[in-house]
A.B. asks: 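One structure, as structure tokens, below. Some questions next.
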Amino acid sequence: MKELTCNCGFTVKNEDSNVVEAKMWHHAIHDHTEMLKSMAEEQLIGWLTETHQKVGLHS
């Protein structure tokens with residue numbers, strides 16, 4: 001089972017890594033829009049790299 005948890009406590013669990021990432025992006029876009037808008041490109045890339053490592057995806 002793959003799992004990601006947002007800093008706000010929202011957690012996504014699924015066997016499919018791609019589903020976990022997609023659901024976390026959906027959460028981030030809908031619940032943390034302003035935070036995403038304020039992030040620099042390097043921060044977004046760092047977050048993606050970290051989440052890919054956590055769920056076993058290749059970045």
Side-chain angles (χ1 to χ4, degrees):
M1 182 71 67
K2 308 298 182 185
E3 179 179 323
L4 283 176
T5 301
C6 181
N7 289 342
C8 74
F10 177 81
T11 299
V12 178
K13 296 179 185 180
N14 196 289
E15 290 296 328
D16 186 330
S17 300
N18 292 307
V19 170
V20 172
E21 184 180 31
K23 287 185 177 187
M24 187 56 74
W25 269 113
H26 179 82
H27 163 71
I29 290 166
H30 286 88
D31 294 340
H32 303 298
T33 304
E34 293 306 314
M35 179 194 68
L36 289 174
K37 287 180 183 177
S38 71
M39 291 174 76
E41 181 179 355
E42 296 82 22
Q43 290 173 304
L44 288 169
I45 290 169
W47 183 80
L48 279 171
T49 301
E50 181 181 326
T51 58
H52 283 182
Q53 291 172 348
K54 285 181 182 177
V55 297
L57 291 170
H58 301 286
S59 47

A.B. asks: Which residues pass the side chain to side chain donor-acceptor pair (under 3.5 Å) test with Q43, not counting sequence neighbours?
C.D. replies: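 By the side chain to side chain donor-acceptor pair (under 3.5 Å) rule, Q43 matches no residue at all.
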A.B. asks: Determine whether a donor-acceptor pair (N or O, by modelled atom type, separation under 3.5 Å) exists between the side chain of S17 and the backbone of V55.
C.D. replies: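 Yes, S17 side chain to V55 backbone: donor-acceptor pair under 3.5 Å.
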A.B. asks: Hey, could you give me the CE/OG1 distance between M24 and T11, rounded to the nearest 0.5 Å?
C.D. replies: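 Those atoms lie 6.5 Å apart.
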A.B. asks: Could you list the residues that satisfy ring pair (Phe, Tyr, Trp, His ring centres under 6.0 Å) with H27, not counting sequence neighbours?
C.D. replies: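 For H27 the ring pair (Phe, Tyr, Trp, His ring centres under 6.0 Å) partners, ignoring immediate neighbours, are F10, H32.
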A.B. asks: Kindly state each residue pair satisfying salt bridge (charged side-chain N to carboxylate O under 4.0 Å, His left out) with at least one member in residues 29-48, sequence neighbours excluded.
C.D. replies: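 For residues 29-48: E34-K37.
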A.B. asks: Distance check, rounded to the nearest 0.5 Å: C8 atom SG versus M35 atom CE?
C.D. replies: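 Reported value, rounded in 0.5 Å steps: 8.5 Å.
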A.B. asks: Which pairs, with at least one residue in residues 4-19 and sequence neighbours excluded, count as a salt bridge (charged side-chain N to carboxylate O under 4.0 Å, His left out)?
C.D. replies: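 The answer is E3-K13.
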A.B. asks: Side chains of L48 and E21, heavy atoms from C-beta outward: is any pair under 4.5 Å?
C.D. replies: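 They are in side-chain contact.
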A.B. asks: Identify, with sequence neighbours excluded, every residue that meets side-chain contact (heavy atoms from CB on, under 4.5 Å) alongside L36.
C.D. replies: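 Only W25, A28, I29, M39, L44 meet the side-chain contact (heavy atoms from CB on, under 4.5 Å) criterion with L36.
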